[in-house]
J.: 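Here it is, the structure, as structure tokens.
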Protein chains: 2
Amino acid sequence: MVRQPALHDRIAAGILDAAAAVLAERGDSASMAEIAEAAGVARATLYRYFPSRDALIQGLTRAAFDEVCARIADAGIDDVPVREGLARLVRGFVTAGGKYAALTEIDKSRMEDVEELDRRLTEPVRELLRRGVADGTLRDDLPVDVLLGLLTGLLRNVLHMVAGQRLGVEQGSAAVITVFLEGARRP
Amino acid sequence: MVRQPALHDRIAAGILDAAAAVLAERGDSASMAEIAEAAGVARATLYRYFPSRDALIQGLTRAAFDEVCARIADAGIDDVPVREGLARLVRGFVTAGGKYAALTEIDKSRMEDVEELDRRLTEPVRELLRRGVADGTLRDDLPVDVLLGLLTGLLRNVLHMVAGQRLGVEQGSAAVITVFLEGARRP
DNA sequence: CACTTCTGAGACACTGATGTCTCATCACGA
DNA sequence: TCGTGATGAGACATCAGTGTCTCAGAAGTG
């Protein structure tokens, strides 16, 4: 009796969801025991699916980035005016960024490939911001990195409010979109 | 030969500064050994000043909140129009929030008194935001908690950029002030 | 239903970090 | 300068968390 891939994958996905929730709350203090409990599996089972803590974090990282990057790629942010592109980006991020919220709470300085993943996520955003500065949509007195920092600061907090069910996805998206677009608009 | 309080306090303060820097970078993964090294003292010395990790985090937390709260209290944010109040708040926070940046990177869910400290810090801010909503300065379509979340998201990222010397205090303050005031303005 | 793999529970080993302590040397303060 | 407490280095103890494994029972699959 080998588990059907569908069931095995569903359990693995459930573990990643639980890991995301616990790590979003406790960060690096979260133990594998706590994650297993949240996932509703035994600790030994958690290790059967993810043979080490690193493997679990790696799996979560990949899933988080894949989900967000796919959403952003699908949004076609380069095919529309900057304001619309930013709106789509934010909506995609808030909708698909649940696991990503967990990653903002853990120390990634010693993870492999994280720079590459981060670059893959932020490069389209940087490009969009550059486009906005160049075409006069966005203010040009702040470096693009700072604009990015402001946008990700808004997103991060909204992701956490959404993850904690203190804010809906739609309202959260709308809040970031309007605050950023108005706040970063070229005067 | 008992150390003069001034020297003893200066060393303790240096330890807290170093702890803030290391924790801001590594969060809960930062070890006491790393913190001691960054502070330029032996690990045993670190323990002589702060008898446990919890004591160190507690000391850092108190210092961070004291610094920021004092700055905000001095700013007289209640005595001026909301826009000016927010500008003063942000300037105070970015100027005095270096240690606070470290606290955003650690798990505080099991710390004593953190709710009280957090309340002490955020209550004047909430009050100011409420005033802004009431007098028409700020949009009233978002709950004050969400406005606070957006503002703290901007502040958090700017604090980290300033702490990492990727952004100056003045420019960082100005960025948050303008983005938030414009973005959260009542249309 | 039968069979086979999966799972939970719990025991065990290991380890890095925390915390403690000693002692020779350093450095502050009078 | 001198005396005394502070310090660094290093050794040691403890422990929570990570990782590993066994076995009886559960559960998925055909």
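Sequence lines set the chain letters: A, B, ... in the order given, protein chains first and strands last, and positions in each chain run from 1.
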J.: Whether the side chain of B:D107 engages the backbone of A:G27 through a donor-acceptor N/O pair (distance < 3.5 Å, no angle test) should be reported.
T.: no
J.: Which class fits the ring pair B:Y49 and B:H8: parallel under 30°, tilted 30 to 60°, perpendicular over 60°?
T.: parallel
J.: Tell me whether the side-chain N/O atoms of A:Y49 come closer than 4.0 Å to OP1 or OP2 in C:dT7.
T.: yes
J.: Can you tell me which nucleotide in D:dG17, C:dA30, D:dT29 comes closest to the side chain of A:L7?
T.: D:dT29
J.: Going through the checks in order, is the salt bridge (Lys or Arg N to Asp or Glu O under 4.0 Å) test met by A:R120 and A:D66?
T.: CA-CA 10 Å; A:R120 193 177 123 212; A:D66 286 350; 3.2 Å; yes
J.: Between B:E34 and B:P51, name the one whose nearest nucleotide on DNA chain C is closer to the 5' end.
T.: B:E34
J.: Starting at the 5' end of DNA chain C and moving along, which residue's nearest nucleotide shows up first, B:P5 or B:R53?
T.: B:R53
J.: Tell me the interatomic distance from A:D9, atom CG, to C:dC6, atom P, rounded to whole angstroms.
T.: 14 Å
J.: Rounded to whole Å, please give me the gap between OH in A:Y47 and C1' in D:dG19.
T.: 5 Å
J.: Could you state the CD1-P distance from A:I11 to C:dT5, rounded to the nearest angstrom?
T.: 17 Å
J.: Could you state the CZ-P distance from A:R110 to C:dG16, rounded to the nearest angstrom?
T.: 13 Å
J.: Among all residues two or more places apart in sequence or in another chain, which pass the ring-ring contact (aromatic ring centres under 6.0 Å, His included) test with A:F50?
T.: none
J.: Using atom CZ of A:R26 as one end and atom P of D:dA16 as the other, report the distance to the nearest whole Å.
T.: 14 Å
J.: Between P on C:dA17 and CG on B:D28, what's the gap in Å once rounded to a whole number?
T.: 13 Å
J.: So which nucleotide from D:dT29, D:dG19, C:dG19 ends up closest to the side chain of B:M32?
T.: C:dG19
J.: Could you please name the option among D:dC23, C:dC23, D:dT18 that lies closest to any side-chain atom of A:R48?
T.: D:dC23
J.: Does any residue of residues 36-45 of chain B have a heavy atom under 4.0 Å from DNA chain C, and if so, which ones, in number order?
T.: B:R43, B:A44
J.: Answer yes or no: is there a side-chain heavy-atom contact under 4.5 Å between A:D28 and A:E105?
T.: no
J.: Using atom CD of A:Q4 as one end and atom P of C:dT4 as the other, report the distance to the nearest whole Å.
T.: 18 Å
J.: Looking at CG of A:L86 and CZ of A:R91, how far apart are the two atoms once the value is rounded to the nearest 0.5 Å?
T.: 11.0 Å
J.: What is the distance, to the nearest angstrom, from the CG atom on A:D54 to the C1' atom on D:dG17?
T.: 14 Å
J.: So, B:R139 side chain and B:R186 main chain: donor-acceptor pair closer than 3.5 Å or not?
T.: no
